[in-house]
There are 2 protein chains.
Amino acid sequence: MHSVGRSWLLLTGFILFYIIYLLFGALAFSSIERPMEDKLRHDIERLKEEFLNQSCVSAASLELFLNKVLTANKYGVSVLHNSSARSNWDLASSMFFANTLVTTVGYGHPTPLSDAGKAFSIVYALIGVPFTMLVLTACVQRCMQPLVLAPVNLLQRSGLKPRPATVLHFILLLIVVVLCFFLAPAAVFNVVEASWSFLDGVYFCFISLCTIGLGDFVPAAQPGQQYRALYQLAVMVYLFVGLMMMYLLLRTFHKMADVHGLTTLLQLPRCEESVLEEDTEPIVNNGPSPRLKDKPASKPLDPGSQPSYNSINKG
Amino acid sequence: MHSVGRSWLLLTGFILFYIIYLLFGALAFSSIERPMEDKLRHDIERLKEEFLNQSCVSAASLELFLNKVLTANKYGVSVLHNSSARSNWDLASSMFFANTLVTTVGYGHPTPLSDAGKAFSIVYALIGVPFTMLVLTACVQRCMQPLVLAPVNLLQRSGLKPRPATVLHFILLLIVVVLCFFLAPAAVFNVVEASWSFLDGVYFCFISLCTIGLGDFVPAAQPGQQYRALYQLAVMVYLFVGLMMMYLLLRTFHKMADVHGLTTLLQLPRCEESVLEEDTEPIVNNGPSPRLKDKPASKPLDPGSQPSYNSINKG
């Protein structure tokens with residue numbers, strides 16, 4: 001029990017540190033970017049007033065005005081009247097931005113305006129991205145027993161052979177993930193975001209959970225949304241749990257591919273034990289070093305040498 | 001030699017299929033999105049003309065005009081005069097977009113306009129993202145011997161102990177990657193892209209190779225750039241090789257962490273052999289199933305049971 005306790009303590013520590021790191025990022029980004037944003041917003045509003053006050057609009061003056069409008073828009077400052085009160089760098093929005101950085105989703109709305117913000121983004125992601133991967137890996141590891149190993153064992157005990165059991169389990173898990181992390185959230189976004197269709201919602205969920213993060217659909221970006229900070233927090237939790245489930249799905253697929261011999265066929269590292277030469281060979285060498293040129297670039301896989309393989313074939 | 005040949009044949013096949021898949025994506029995206037883009041561009045130009053022709057500009061008409069301009073801009077159609085001739089969905093740009101989808105970088109400039117484009121993006125990424133990961137994994141695997149194992153052996157033969165050898169090798173690899181994939185490309189972008197500072201270049205390289213892809217800096221997006229298609233192709237190759245090197249760096253770090261006992265300390269799967277319960281235990285169970293409630297949630301790590309650990313401690 002001691003080690004189980006230590007394992008959960010470590011995970012809780014990871015998650016707590018993750019939240020603290022996001023809060024720190026939120027504070028830092030907010031304090032770096034907010035003054036720049038205020039200045040840009042003030043400039044663009046003054047420019048708009050000047051543009052409206054001029055007696056005749058020439059093509060050249062319109063071009064110049066639109067150029068500045070589009071530049072400000074690139075940095076998340078909209079010239080439109082109804083969005084002028086909203087900041088992209090309040091605490092919740094900054095935390096949302098920090099979260100999209102460390103999860104590598106990166107919608108790009110908003111983006112840092114200042115050089116200091118850009119430099120800080122690099123340093124912040126440099127620590128945050130590997131740490132987030134670490135937290136996600138640790139979480140997925142704790143979910144493998146209840147969500148993968150136990151159900152497969154259950155299916156086997158109900159009379160299924162090993163290979164069909166893994167396939168059936170993967171299909172069931174896939175259905176649950178699609179329902180809970182794509183279709184259900186898409187329906188919620190369809191209701192909450194006025195301009196999003198159901199397809200837009202599915203598209204947003206997919207593009208986010210694959211960490212592509214195009215940024216053409218970003219939640220809580222419409223003006224006048226209620227409980228905006230709470231909504232952004234909910235999306236952040238959705239992104240984290242969703243990414244965890246995607247990673248779990250990937251690992252389950254990898255394990256299933258192992259069982260079916262797919263990884264061996266494609267000469268890739270296996271999920272349970274890596275069997276290719278560069279993986280089985282320790283990185284350091286304590287005995288006399290073999291001459292490198294005598295070694296083949298990659299070692300053939302001998303199915304007979306893989307115990308879990310043999311046990312499958314027997315099953 | 002037979003299996004070495006098969007291994008390289010497989011890799012060549014993967015890369016060829018990857019290129020064909022990108023070309024197919026380029027053709028599909030171009031044919032789906034180009035008509036929509038042309039229509040939007042035509043609409044926005046007509047709107048601009050109408051706006052210029054009106055006798056007086058009211059705040060309301062400006063607001064309406066700017067709203068449409070910003071919506072068009074979101075889909076990559078700029079109202080500015082100097083960028084009106086350039087399409088975001090020519091073959092090279094579409095291929096660039098397909099590439100940012102499958103690598104999960106996802107700058108978001110441009111983004112699909114039509115529902116058909118969004119649906120196709122989902123299907124395309126659904127196949128493309130795992131396949132790209134497969135190609136990258138296969139490439140990294142072939143690079144492990146010449147870039148990681150051989151240099152570490154060389155350092156050991158020159159008299160270094162195993163642990164310092166792995167650390168020194170990792171630092172050297174890190175320096176090479178930073179120089180060749182961050183600083184050198186940043187210098188090139190600084191020259192090629194008129195409005196990018198050197199910091200912008202470093203920021204772009206970092207944000208891209210971490211697959212965050214904010215999209216505030218996208219190469220070949222300025223109007224009037226020469227050899228645009230060739231330039232986009234070069235950036236695509238840079239992205240692919242860069243991502244490969246980032247993955248190699250990550251695996252090298254993981255292997256180094258194994259050697260130094262860091263993964264054991266954090267109770268994470270090891271790089272060479274996974275030692276945690278859910279990894280050592282086969283996913284399928286051929287014997288009588290143990291009662292799940294009797295099993296601890298996670299198994300303690302016994303350093304004595306790890307052969308490569310013992311060999312390191314001896315070294």
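Order of the sequence lines sets the chain letters (A, B, ...), proteins ahead of strands, with each chain counted from 1.
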Select, from [options], the one with the greatest count of heavy-atom pairs under 4.5 Å involving chain B.
| options | value |
| --- | --- |
| A:V105, A:V129, A:L101 | A:L101 |
| A:L52, A:L155, A:L214, A:L70 | A:L214 |
| A:V202, A:L11, A:L126 | A:L126 |
| A:I122, A:D200, A:T111, A:T100 | A:I122 |
| A:L134, A:T211, A:T104 | A:T104 |

Hey, are A:Y203 and A:S197 close enough side-chain-wise for a donor-acceptor pair under 3.5 Å?
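There is no such pair (donor and acceptor under 3.5 Å, judged by atom type) between the side chains of A:S197 and A:Y203.
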
Looking at B:I207, B:L250, B:L199, B:V69, which makes the most heavy-atom pairs under 4.5 Å with chain A?
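So the answer, after comparing B:I207, B:L250, B:L199, B:V69, is B:L199.
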
- Between chain A and each of B:Y75, B:F65, B:F253, count heavy-atom pairs under 4.5 Å; write down the option with the most.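 Counting heavy-atom pairs under 4.5 Å, the top option is B:F65.
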
* **Check: A:M256 main-chain N/O paired with A:H169 side-chain donor or acceptor under 3.5 Å** =>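 Side chain of A:H169 to backbone of A:M256: no pair is present.
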
Pick one of side chain, backbone, both or neither for [X], based on which atoms fall under 4.5 Å of a heavy atom in chain B.
| X | answer |
| --- | --- |
| A:F204 | neither |
| A:K118 | both |
| A:F182 | neither |
| A:D115 | both |

Look up atom [atom1] in [X] and atom [atom2] in [Y], then write down how far apart they are to the nearest 0.5 Å.
| X | Y | atom1 | atom2 | value |
| --- | --- | --- | --- | --- |
| A:D216 | A:H109 | CG | NE2 | 8.0 Å |
| A:F14 | A:L9 | CZ | CG | 11.0 Å |
| A:L66 | A:E63 | CG | CD | 6.5 Å |

Do B:P164 and B:K161 come close enough that some side-chain heavy atom pair is under 4.5 Å?
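B:P164 vs B:K161: side chains touch.
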
* To do: For residues B:T166 and B:H260, report the shortest heavy-atom separation together with the two atoms involved.
  =>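 The pair with the smallest heavy-atom distance is OG1-NE2, 3.4 Å.
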
Self-check item: A:S121 to A:P112 - nearest heavy-atom pair and separation
Solution: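 Looking at all heavy atoms of both residues, the shortest contact is OG-CG, 3.5 Å.
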
